[in-house]
Amino acid sequence: MDKMYRKYGITSIKAIEHLVLIIIAIATVVAIGQEIKHIFDVGAVALADLLLLFIYLEVLAMVSHYAESGKLPIRMPLYIAIVALARYLILDMKAMDDWRIIAISLSTLVLAATVIVIRWGQLKLPYPRPNDEEEK
C-alpha cells in the first residue's frame with residue numbers, strides 16, 4: 001500500500017499542483033489583458049493601474065519560479081502584499097481616516113522589515129545543503 005501511494009498518490013498530487021499552476025498563470029494573463037483593455041478604454045494610465053499590473057507581474061514571476069524550482073520563496077508574496085497595500089493606500093487615501101492610514105503604513109513597514117530579516121537570515125544563516133550533510 002505504501003509503495004502504491006508513493007507511486008500514484010504523489011504523482012497525482014504533483015499533476016494537480018501543475019494543473020493549478022497553469023490555471024493561476026492563465027487567470028493572471030487574462031486579468032492582465034482585462035486591465036490593459038481597461039486602460040485603453042479609459043484612455044489614460046493611472047498609478048493604480050500600473051501597481052495592479054505590477055502585482056500581476058509578481059504573481060506570474062512567483063508561478064514561474066515555483067514551476068522551475070518547486071519551491072515558493074516567502075519573499076514573493078510579501079512583495080505582492082506590499083504593493084497591494086501601497087495601491088490600497090493610493091486609491092483610498094482621501095476616504096480614510098488618519099488612523100487607518102497610519103495602520104496601513106505601519107503594516108507596509110512591518111512587511112518590508114520582514115523581507116529584510118528573511119533576506120538577512122538567508123545570507124547569514126543558510127540551511128545546510130544535502131551535500132554538506134553527507135560530507136560530515
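Treat the numbers as computed from the prediction; the structure is a model and nothing was measured.
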Among the clusters formed by ILVMFWY side chains lying less than 4.5 Å apart, do [X] and [Y] turn up in the same one?
| X | Y | answer |
| --- | --- | --- |
| W99 | L106 | yes |
| M96 | I102 | no |
| V63 | I16 | yes |
| V59 | F54 | yes |
| F40 | I32 | yes |

Nearest 0.5 Å please: distance from the [atom1] atom of [X] over to the [atom2] atom of [Y].
| X | Y | atom1 | atom2 | answer |
| --- | --- | --- | --- | --- |
| I55 | I82 | CD1 | CD1 | 11.5 Å |
| I36 | Q34 | CD1 | CD | 11.0 Å |
| T28 | L57 | OG1 | CG | 10.5 Å |
| E58 | I80 | CD | CD1 | 6.0 Å |
| I90 | L50 | CD1 | CG | 10.0 Å |
| M93 | I104 | CE | CD1 | 8.5 Å |

Measure the shortest side-chain to side-chain distance between [X] and [Y] over non-hydrogen atoms and say whether it is less than 4.5 angstrom.
| X | Y | result |
| --- | --- | --- |
| V83 | L52 | no |
| L89 | L85 | no |
| Y56 | E35 | yes |

Step-by-step side chain to side chain contact (heavy atoms under 4.5 Å, CB included) determination, V42 to D49: CA-CA 11 Å; V42 172; D49 298 327; over 6 Å; no
Side chain to side chain contact (heavy atoms under 4.5 Å, CB included) assessment of M62 paired with I24: CA-CA 10 Å; M62 188 170 55; I24 291 170; over 6 Å; no
Heavy-atom pair of closest approach, residues T114 and V110: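 Smallest heavy-atom distance, with atoms named: OG1-O, 2.7 Å.
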L60 backbone acceptor or donor facing S64 side chain under 3.5 Å: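 Not a single qualifying donor-acceptor pair exists.
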Donor-acceptor under 3.5 Å (D97 side chain, R100 main chain):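 Yes.
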Steps toward side chain to side chain contact (heavy atoms under 4.5 Å, CB included) verdict (L72, H65): CA-CA 7 Å; L72 182 64; H65 188 274; over 6 Å; no
Verdict with reasoning, V115 to L111, per side chain to side chain contact (heavy atoms under 4.5 Å, CB included): CA-CA 6 Å; V115 169; L111 288 171; 5.8 Å; no
Neighbour count above 12 (heavy atom, 6.0 Å) for D98 CG: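 Open: at most 12 neighbouring heavy atoms sit under 6.0 Å from CG of D98.
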